[in-house]
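Each remark here refers to the structure printed beneath this line.
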Amino acid sequence: MKKRIGLLIAAGISITAIGVGAFSFFGTKNSPANGLSIKVEQLNEQTKNTIINFYKDITISQDLYKMKEGSIDNNKLDIKLPTRFGDSEADTPSNLLFISKTTAEKMAKKGLVRERDNKEGVVSSVPLDSLPKMGKGETILFANKEYKDLREITFEGKKMNVQYKGDVWLSPSRGGSNSILLIVDDILYKEINRKESTRLFLSFDKSFGNLNLVTSGKDPELQKEIGNMQKTLNADEISAVSFVNISEK
C-alpha cells in the first residue's frame, strides 16, 4: 500500500506545487512540504486510514474542514467575462466553493488560505495575512481578477451581496480560473442546500522538501519520498491527496 499511495501523492504535487507556495521554475522561495491535504469523500475508508497511519509518527495535528460546492451559469452573473481567461472560457460555468466565516478563520490560521503573490500569470501564492472584515449581510468573494466587478450572486434562491477582496484560494490549489471562493456568514452557510464535502489536513513535524522545486526535478528528498511509494490508485483517487505547506500563525 505504501507504493500505491505514492503515485497519488506524486500526481497531487504536480498540481499543488503550482497552487501552493511561491512557485517559479526559476525561483527558490521555500514552501516546505510539511503537511498533507486529503479530500475525504474521494477515498474509501481503508485507503484514507492507510495514508493516515503511514504518516502517524510525524503527524502533530489533524484538522477537518467542511465546505459546500456548486456552479452557476455565467449568463446569470452581473458581469461580462472575457472570451477566454486562464484555462477557462466565458461560457464555462463558474464553480462556487462556499465556506463559513468560522471555517475560513480556522483555515487562515493554518496558512491554508492563499493569495497570489505575483502579477506574471504564474499561479504562485503565500498565506493570506488576515481575512477581510465582513460587513452585515456581506459575502466575501475571492477569485481571479476577471470577477472583480461582480457585486451579486443568486444561488438556488439565495441572493448574496458580494465584495471582491482579491485573487485568493484554498490550499492545495485554486481548481481552475473559473473558480470562485465565497466566504459567507455562518447562518447563510447552513441555509445553502448542498451536501458538505470534507478536507482533512495532516500537519507534520518535518518537511519533505520544497514544493517549489519538485516539479523542476530539483528536490531529491521530496522526489525520494514520492519514489518510495509507486503504485497506481484508481483515477478518481489520484487528485485526492496532495502535499501542502502549513504555516500555523
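The first residue in the sequence is number 1, and the count goes up from there. Just the heavy atoms: all of them, side chains too, but no hydrogens, waters or symmetry mates, feed the values below. All values reported here derive from a predicted model rather than from experimental measurement.
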### Query
Any chain of hydrophobic side-chain contacts (each under 4.5 Å) joining Phe142 to Leu81?
no
Scanning both residues in full, the closest heavy-atom pair of Pro127 with Arg114 reads CG-NH1, 3.6 Å
ask   = Does Lys158 reach the side chain of Met160, with side-chain heavy atoms less than 4.5 Å apart?
value = yes
Worksheet item: Any sub-3.5 Å donor-acceptor pair from Thr50's side-chain atoms to Gln46's backbone N or O?
Response: yes
_If hydrophobic clusters are built from ILVMFWY residues whose side chains come within less than 4.5 Å, do Leu131 and Tyr189 share one?_
no
Taken to the nearest 0.5 Å, the spacing of Glu152 CD from Lys76 NZ works out to 13.5 Å
Lys110 and Tyr65 have their tightest heavy-atom pair at CG-OH, 3.5 Å
Same cluster for Tyr147 and Val113 if Ile/Leu/Val/Met/Phe/Trp/Tyr side chains link at under 4.5 Å?
no
Strictly distance-based, threshold 3.5 Å: is any side-chain N or O of Thr59 a donor or acceptor partner for the main-chain N or O of Tyr55?
yes
Give a yes or no answer on whether the side chain of Asn210 reaches the backbone of Ser31 with a donor-acceptor pair at less than 3.5 Å.
yes
Please lay out, stage by stage, how Tyr164 and Leu150 fare under the test side-chain contact (heavy atoms from CB on, under 4.5 Å).
CA-CA 7 Å; Tyr164 182 82; Leu150 189 58; over 6 Å; no
d(Ile38 CD1, Leu200 CG) to nearest 0.5 Å is 4.5 Å
Exercise. Is there a donor-acceptor pair closer than 3.5 Å between any side-chain N or O of Asn34 and the backbone N or O of Lys206?
Worked result: no
Side-chain contact, heavy-atom cut-off 4.5 Å: Arg116 with Val168? no
* Under the side-chain hydrogen bond (donor to acceptor under 3.5 Å, both in side chains) rule, what do Thr198 and Lys66 come out as? Steps first, then yes or no, please. => CA-CA 5 Å; Thr198 309; Lys66 299 285 188 178; 2.8 Å; yes
In this structure, CG of Leu43 is separated from CD1 of Ile51 (nearest 0.5 Å) by 5.0 Å
Result for side chain to side chain donor-acceptor pair (under 3.5 Å) between Ser94 and one of Asn178, Asn144, Asn74 points to Asn74
Got a sec: does the CG of Asn53 have more than 12 other heavy atoms crowding it under 6.0 Å? yes
Of all heavy-atom pairs linking Glu45 and Lys48, the shortest is OE2-NZ, 3.2 Å
Scanning both residues in full, the closest heavy-atom pair of Leu64 with Val40 reads CD2-CG2, 4.4 Å
Are side-chain heavy atoms of Leu36 and Val241 found at a separation under 4.5 Å? yes
In terms of heavy-atom contacts, Ser173 and Trp169 come closest through C-CD1, 3.7 Å
request  = Taking Ser207 for its side chain and Gly209 for its backbone only, find out whether a donor-acceptor pair lies under 3.5 Å.
outcome  = yes
All heavy atoms of Glu146 vs all of Ile79, minimum pair found to be O-CD1, 3.7 Å
State whether the side chain of Arg174 and the backbone N or O of Ser171 hold a donor-acceptor pair below 3.5 Å, judged by distance alone. no
>> Assess, by modelled atom type and distance only, whether the side chains of Asp87 and Ser177 contain a donor and an acceptor separated by less than 3.5 Å.
In response: yes
task: Check whether any side-chain N or O of Thr154 sits under 3.5 Å from a backbone N or O of Gly157 as a donor-acceptor pair, and report yes or no.
output: no
Between the CG atom in Asn30 and the CG atom in Asn245, the distance rounded to the nearest 0.5 Å is 8.0 Å
Cluster check Leu170, Ile140: I/L/V/M/F/W/Y, side chain < 4.5 angstrom:
yes
(Q) Using a 3.5 Å distance criterion without hydrogens, assess whether the side chain of Asp186 forms a donor-acceptor pair with backbone atoms of Thr102. (A) yes
Checklist line | Stepwise side-chain contact (heavy atoms from CB on, under 4.5 Å) check, Asn44 with Glu237 | finding: CA-CA 9 Å; Asn44 62 52; Glu237 293 177 328; 3.8 Å; yes
Exercise for review: Check for a donor-acceptor pair, side chain of Lys68 on one end and backbone N or O of Ile192 on the other, with a separation under 3.5 Å.
Suggested key: yes
Here the gap from Arg199 atom CZ to Met107 atom CE, rounded to the nearest 0.5 Å, amounts to 6.5 Å
- Query: Between Phe243 and Phe208, does the ring centroid distance fall short of 6.0 Å?
  - Reply: yes
Q. Can Asp78 and Arg151 be said to form a side-chain contact (heavy atoms from CB on, under 4.5 Å), step by step?
A. CA-CA 7 Å; Asp78 61 357; Arg151 294 291 178 264; 3.7 Å; yes
Point to revise | Candidate pair Lys101 and Glu105, rule salt bridge (charged side-chain N to carboxylate O under 4.0 Å, His left out), full reasoning | key: CA-CA 6 Å; Lys101 181 175 181 287; Glu105 289 171 344; 2.6 Å; yes
So, the side chain of Glu191 versus the backbone of Leu188: is there a donor-acceptor pair under 3.5 Å, distance only? no
Does Leu141 form a side-chain contact (heavy atoms from CB on, under 4.5 Å) with Leu181? I'd like the steps, not just the answer. CA-CA 6 Å; Leu141 183 149; Leu181 172 60; over 6 Å; no
Shared ILVMFWY cluster between Leu97 and Ile153, side chains joined below 4.5 angstrom?
-> no
Worksheet item: Going by heavy atoms in the side chains, are Pro93 and Asp73 under 4.5 Å from each other?
Response: no
field: Any Leu77 side-chain heavy atom under 4.5 Å of Asn75 side chain
entry: no
| task | Using the salt bridge (charged side-chain N to carboxylate O under 4.0 Å, His left out) rule, take Glu156 and Arg194 through it: C-alpha gap first, then chi angles, then the decisive distance, then the call. | result | CA-CA 10 Å; Glu156 296 188 341; Arg194 285 293 167 121; 2.9 Å; yes
Aromatic ring proximity, centroids under 6.0 angstrom, Phe155 and Phe98 | yes
Separation between CD (Gln62) and NZ (Lys56), nearest 0.5 Å, reads 11.5 Å
